[in-house]
Amino acid sequence: MTFSFRRIGFAATAAALAAATTVGLVGTAHAGEPTPGGAGIGDQLFPALGNGGYDAIAYEVSLDYRAGVTTMASSVIMHAVATQTMSQFDLDSVGQLIAGVSVNGKPARFALHDEELVVTPPSPLPAGHQFTVTVRYSADRSQEPASTAWPDVNLPGNHIKFHNWINTSDGFALLGQPDRAHLFFPCNDHPSDKAQFTFQITVPRGLTAIANGNLVARVEAGDHSTFTYRTAQPMATQLSQIAVGAFTVVTQHAPNGPILRSAVPADRVAALQPALDRTASQVTWLRNQLGRAFPFDQYGVLAVDNNYNGAALETQGLSTFGAKELALPERNSAPVQMHELVHQYFGDAVSVRTFSDIWLSEGHALYYQSRYSADRGWTSFETAMRQEYEADAESRQVEGPPAAPKKAINVFGTESYAGGGLALYAFEQTVGAQTFRAVEQTFLDRYQSRSASTEDYINVANEVTGRDLTGLFRAWLYGATTPPMAGHPDWKPAPTSR
């Protein structure tokens, strides 16, 4: 995620069920007396997010958009595997009017408590068995229930009000990060529990629905059209995107890369064409930097009108931007495009294990975004890193170190971006560019389509280098003060104001 195009740092099918794998924070399957699944997955920053007792495998999300009203008849089907013998389980859910719940096709009792939909199945669910839960509900885009952990407020220094539904003149889009996907559909809303998705969106004829994944069906019936999209790889809930509007879909190709499928407002195509045209070269540049193929079979840009809060989101396979920001001059817009593109590898293909690991996503995006800007001649990479280094002491003190944010609001703070990028730069300076690249490749290969933690990255670094670099990483990622920068003994952090 990036904000305001400002200076970032420096300035479901049987086959899917059989193939999908998930790794939750809660333990592996065990038999025993039926007990409730946990109402939380163990995340230090977002303790209410996620749920214990099961792993989600696939979701089928359906929305029926009607012009002129904010309510949408909706449903979600979650396919999951029980990791314990469950007497009841929770789904994260807020802001929805629940019409009914069934488990394995049979009506189930349910209750809403805070941001939890508590489901009691007709009979206990055995450990290790697959089950299906269907929730029929009404979503209301006029409702703005703020997340308890990440409030709907202006972030310091960003001047962005984080709405949930982004209503436009002809439709809407989602803003699901970090903990808001469960406003749109009940789910296990934590990045450690990735799943495959099918989205079915019905819209008035003449409008277009856009979502993550491949368009697998479009059906016209009367005065409505139904679009069905399906992801080929598992996805974290926070990376989901659905948008409805008068979009023009632009298809391009990246050499030896994915199909590029972008969606932009029909009246903004000419203004946004330069941003679309540079996407193929950006995919190629990043693939060459990492030495790894793009992790998804397609990629694209989604531009949303009516001001997308100045934010840019790494929604999987379809990065989301505000149309007016995307139309800014290349020097202003291209680095942010690269930032979200990097996330397709770090943050999407390899998701974070907990939100305290967010530096793995944002730090990598900042690091390669900075390299891209330097390669384009807009700034010196070393100068950018030095500027971040000098400012690190203040933000580290206020927000906490990169891998230990003090509060949930700091998840998308300066330290997760700049502090994480500095940690990667310090590592590269210590081991050299070639070894650094080998570590990056091993990490991506090992955790593709999975979630990874800070410790996972450190373990890969130690394994590939044959050295114990735990102390280096712990100083940079958990230390209260800014460590010396390898190779730059003259660099000094600026004095703090506290």
Side-chain angles (χ1 to χ4, degrees), residues 1-3 49 59-66 70-76 92-96 115 137-147 150 152 160-191 194-195 197-203 207-213 215 227-231 235-245 247 262-265 300-323 325-326 340 343 347-348 351 412:
M1 178 189 284
T2 56
F3 303 111
L49 274 192
Y59 293 95
E60 301 172 43
V61 181
S62 298
L63 300 175
D64 188 351
Y65 170 80
R66 304 290 171 125
T70 60
T71 55
M72 297 188 294
S74 309
S75 68
V76 61
D92 299 307
S93 175
V94 63
Q96 298 130 8
E115 297 189 25
Y137 65 99
S138 177
D140 189 345
R141 301 189 319 280
S142 69
Q143 300 299 310
E144 289 288 348
S147 161
W150 228 69
D152 193 16
I160 300 169
K161 186 171 178 62
F162 261 74
H163 296 285
N164 303 308
W165 297 99
I166 309 300
N167 288 303
T168 64
S169 60
D170 55 7
F172 68 89
L174 307 187
L175 199 164
Q177 293 185 2
D179 64 339
R180 297 177 176 222
H182 64 282
L183 174 71
F184 318 127
F185 56 94
C187 58
N188 200 31
D189 195 9
H190 194 273
K194 302 172 73 166
F197 277 79
T198 299
F199 297 101
Q200 187 176 80
I201 311 105
T202 299
V203 302
L207 295 182
T208 299
I210 303 294
N212 313 89
L215 178 63
F227 296 77
T228 302
Y229 293 86
R230 184 168 295 126
T231 65
M235 179 174 73
T237 51
Q238 67 160 340
L239 303 175
S240 57
Q241 179 59 276
I242 301 171
V244 171
F247 292 112
S262 297
V264 300
V301 165
L302 171 64
V304 180
D305 241 333
N306 290 25
N307 187 9
Y308 197 67
N309 286 333
L313 303 180
E314 62 271 20
T315 40
Q316 185 165 307
L318 186 72
S319 294
T320 306
F321 305 88
E325 288 85 7
L326 196 61
E340 308 310 327
H343 277 311
D348 292 13
S351 298
F412 295 123

| Test side chain to side chain donor-acceptor pair (under 3.5 Å) applied to T71 - qualifying residues, sequence neighbours left out | none

| field | Heavy-atom closest contact (F184 atom, G176 atom, distance) | value | CE1-CA, 3.7 Å

| query | Distance-only, no hydrogens or angles: does the D92 side chain make a donor-acceptor pair with backbone N or O of D189 under 3.5 Å? | reply | yes

| message | Test your reading of the model: is there a side-chain donor-acceptor pair from Q96 to the backbone of H182, 3.5 Å cut-off? | response | yes

| note | Hits for side chain to side chain contact (heavy atoms under 4.5 Å, CB included) against S74, two or more places apart or cross-chain, chain-then-number order -> L63, M72, Y137, A139

| query | Who pairs with L302 by side chain to side chain contact (heavy atoms under 4.5 Å, CB included), at least two apart in sequence or on another chain? | reply | I210, Q241, A243, F247, A263, V304, L318, T320

| query | If you round to the nearest 0.5 Å, how far is CG of L175 from OG1 of T315? | reply | 9.5 Å

| query | What's the spacing between F185 CZ and S75 OG if we round to 0.5 Å? | reply | 12.0 Å

| task | Give the intermediate values and the outcome of side chain to side chain contact (heavy atoms under 4.5 Å, CB included) for residues V203 and T208. | result | CA-CA 7 Å; V203 302; T208 299; over 6 Å; no

| task | Please identify each residue that fulfils ring-ring contact (aromatic ring centres under 6.0 Å, His included) with Y65, with sequence neighbours left out. | result | F172

| said: Using every non-hydrogen atom in the two residues, find where G213 and Y229 come nearest and quote the distance to one decimal. | reply: O-CD2, 3.8 Å

| query | Would you say L239 and Q177 make side-chain contact, with heavy atoms under 4.5 Å? | reply | yes

| query | With a 4.5 Å heavy-atom cut-off, do Y59 and S240 have their side chains touching? | reply | no

| query | At their closest point, which heavy atom of A236 faces which heavy atom of P191, and how far apart are they? | reply | CB-CA, 3.8 Å

| said: Once rounded to the nearest 0.5 Å, what's the spacing between atom CG of L174 and atom CZ of R180? | reply: 12.5 Å

| task | Measure the shortest side-chain to side-chain distance between T237 and N188 over non-hydrogen atoms and say whether it is less than 4.5 angstrom. | result | no

| field | Set of residues satisfying side chain to side chain donor-acceptor pair (under 3.5 Å) with respect to S262, sequence neighbours excluded | value | none

| request: Taking side chain to side chain donor-acceptor pair (under 3.5 Å) as the test, write out the residues that go with N212, two or more places apart. | output: none

| remark: side chain to side chain donor-acceptor pair (under 3.5 Å) filter on E340, not counting sequence neighbours, yields T2

| field | Which residues share a salt bridge (Lys or Arg N to Asp or Glu O under 4.0 Å) with D170, sequence neighbours left out | value | none

| request: Please round to the nearest 0.5 Å and tell me the distance separating atom CG of L326 and atom OG of S319. | output: 10.0 Å

| request: Can you measure from CZ (R141) to CD1 (I166) and round to the nearest 0.5 angstrom? | output: 11.5 Å

